[in-house]
Amino acid sequence: MGHPSPKYTAEFKQRAVELYRERGCTYAELARELGCDAGGISDRVRRADASGAAPDRNPFQMAEEPRGPRRENDRPRTENEILLKAGAFFASRQL
């Protein structure tokens, strides 16, 4: 089977964009050097350009922060839906 995708930190992503801009090399050359995918670097450069963030701010840090609380809320929401469905099922069976 396939291998899981590696998770890169926001600092790694920002540094890859900085290196690309500083060196002016191709995505493939930089990807070989960093040990990651060229398509990922091009995507990160495009996202950094589209975000319009100041050069000293990390646009990837902003994108990663909201994921944690959203995932934390997904489980209680799912559990609540299951309980509501079970309650409705048993309520209809007792009538």
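Residues Val17 and Ala48 come closest through the heavy atom pair CG1-CB, 4.1 Å. The minimum heavy-atom distance linking Tyr8 with Gly35 is given by the pair OH-O, 3.8 Å.
For the atom pair Leu19 CG and Gln14 CD, the distance stands at 10.5 Å (nearest 0.5 Å). Between atom CG of residue Asn80 and atom CG of residue Leu84 there is a gap of 4.5 Å, rounded to the nearest 0.5 Å. Note that CG of Leu30 and CD of Glu22 are 10.5 Å apart. Values are rounded to the nearest 0.5 Å. Rounding to the nearest 0.5 Å places NZ of Lys13 at 13.5 Å from CG of Leu34.
Applying the ring pair (Phe, Tyr, Trp, His ring centres under 6.0 Å) rule to pairs touching residues 13-33 yields Tyr20-Tyr27, sequence neighbours excluded.
Not counting sequence neighbours, Glu81 has no partner by the salt bridge (Lys or Arg N to Asp or Glu O under 4.0 Å) test. Glu79 meets the side-chain hydrogen bond (donor to acceptor under 3.5 Å, both in side chains) test with Arg75; sequence neighbours excluded. Residues satisfying the side-chain hydrogen bond (donor to acceptor under 3.5 Å, both in side chains) criterion with Arg15, sequence neighbours excluded, are Glu18. A search for salt bridge (Lys or Arg N to Asp or Glu O under 4.0 Å) contacts involving Glu29 returns nothing, not counting sequence neighbours.
The residues Asp49 and Arg46 are annotated as not salt-bridged, no charged nitrogen and carboxylate oxygen being separated by less than 4.0 angstrom.
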